[in-house]
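Here's the structure we're looking at; comments come further down.
Computed from a predicted structure; not experimentally measured.
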Amino acid sequence: MDSELTLVNPTPPTPYFLSSTSLKDEVIYANPTIPLYKITTEVRHITVSDTATPGRTIAILHRRDLLPDTISFPQRHSDSGKGRGIATHVGLHRWLKRSKMPDGTPTYALHTDFGKYVWKVVSRYRQQVFADYDLQTPVASCHLRQSLPPDKPAFVVAFAGEPLRDDIVVAYFVQRYRAAMENKALELFVGPA
């Protein structure tokens with residue numbers, strides 16, 4: 001019996017853009033007329049909200065002075081299994097854990113409901129996200145530079161990465177926040193570039 005092979009063009013990746021270059025208050029959109037996420041920054045926390053579902057908070061980054069920062073996911077199951085709506089607080093260093101590839105490339109391991117993903121540092125301001133089982137095909141590519149041109153996407157998510165888009169958005173802002181803090185530290189100790 002002969003079999004036929006049907007070639008299907010893969011779905012192109014979706015680019016996501018930022019409303020501004022500030023870390024204060026931003027909106028993420030794939031199309032300028034449809035905002036998808038809103039990031040609100042206050043003194044002690046950064047909130048990531050879903051604009052398509054009013055009242056849905058995806059994550060809250062809790063900044064603390066002396067102790068490590070934590071992150072909570074109000075809409076997810078808690079570790080005790082008591083159900084949705086109970087905020088699960090996790091140390092930021094545990095949720096997006098710093099690691100290294102066997103070749104020494106810096107990475108961050110991210111555990112999601114869809115499995116483990118690896119944020120691979122490509123350059124100082126660029127990172128790619130891979131499924132732990134396929135480190136050759138990125139599911140997302142992110143640019144962490146603070147001043148992106150308006151026509152350049154902040155990150156691009158492949159079709160295979162769309163189910164974990166919420167996690168990618170939250171981790172993107174955590175990584176962007178880290179890059180901004182590293183830049184501030186460099187300016188403080190070395191001086192402006």
Side-chain angles (χ1 to χ4, degrees), residues 3-21 26-39 46-59 61 71 73-77 84 88 90 92 95-99 101-103 105-146 148-179:
S3 64
E4 290 184 27
L5 179 65
T6 305
L7 297 177
V8 177
N9 288 334
T11 304
T14 305
Y16 293 92
F17 300 87
L18 301 177
S19 62
S20 70
T21 57
E26 295 191 71
V27 175
I28 297 175
Y29 56 91
N31 178 327
T33 60
I34 305 171
L36 299 173
Y37 298 95
K38 182 176 182 180
I39 289 73
I46 298 171
T47 304
V48 180
S49 304
D50 182 354
T51 58
T53 309
R56 179 174 175 248
T57 299
I58 295 170
L61 171 63
I71 192 161
F73 300 93
Q75 304 294 320
R76 294 194 183 171
H77 289 285
R84 294 212 177 266
T88 303
V90 177
L92 196 56
W95 180 70
L96 196 57
K97 189 174 184 172
R98 189 178 300 249
S99 184
M101 301 283 286
D103 66 358
T105 304
T107 62
Y108 293 86
L110 174 66
H111 295 275
T112 72
D113 291 342
F114 302 97
K116 184 177 173 186
Y117 286 81
V118 176
W119 283 69
K120 187 175 177 184
V121 176
V122 177
S123 69
R124 182 170 178 193
Y125 293 108
R126 191 159 167 262
Q127 296 182 2
Q128 291 183 320
V129 184
F130 298 88
D132 188 41
Y133 58 85
D134 181 6
L135 297 175
Q136 302 302 315
T137 309
V139 296
S141 182
C142 306
H143 299 277
L144 303 176
R145 193 170 294 282
Q146 296 303 312
L148 288 169
D151 61 337
K152 185 171 180 104
F155 56 95
V156 177
V157 179
F159 181 74
E162 283 296 329
L164 64 137
R165 184 178 69 193
D166 288 354
D167 289 292
I168 290 173
V169 167
V170 174
Y172 169 78
F173 273 96
V174 168
Q175 294 296 72
R176 192 162 180 234
Y177 176 73
R178 282 181 178 164

Once rounded to the nearest 0.5 Å, what's the spacing between atom [atom1] of [X] and atom [atom2] of [Y]?
X: Ile39; Y: Arg176; atom1: CD1; atom2: CZ; value: 9.5 Å
X: Arg126; Y: Gln175; atom1: CZ; atom2: CD; value: 14.5 Å
X: Ile28; Y: Tyr172; atom1: CD1; atom2: OH; value: 7.5 Å
X: Gln128; Y: Ser141; atom1: CD; atom2: OG; value: 4.5 Å
X: Arg165; Y: Leu36; atom1: CZ; atom2: CG; value: 5.5 Å

- Task: If the plane angle is over 60° it's perpendicular, under 30° parallel, otherwise tilted; pick one for Phe155 and Tyr16.
- Result: parallel
- Task: Check whether any side-chain heavy atom of Tyr117 lies under 4.5 Å from a side-chain heavy atom of Leu164, and answer yes or no.
- Result: yes
- Message: If I compare all heavy atoms of Pro74 with all of Ile58, which pair ends up nearest, and what's the gap?
- Response: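 So the two residues come closest at CD-O, 3.9 Å.
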- Task: Could you check His143 against Val156 for side chain to side chain contact (heavy atoms under 4.5 Å, CB included), going step by step and ending with a plain yes or no?
- Result: CA-CA 9 Å; His143 299 277; Val156 177; 5.9 Å; no
- Item | With sequence neighbours excluded, residues passing salt bridge (Lys or Arg N to Asp or Glu O under 4.0 Å) with Arg56 | Asp50, Asp166
- Stepwise ring pair (Phe, Tyr, Trp, His ring centres under 6.0 Å) test for Phe73 and Trp95: CA-CA 11 Å; Phe73 300 93; Trp95 180 70; 5.4 Å; yes
- Message: Less than 6.0 angstrom from the centroid, inside 45 degrees of the normal: does Lys97 satisfy that with respect to the ring of Tyr108?
- Response: no
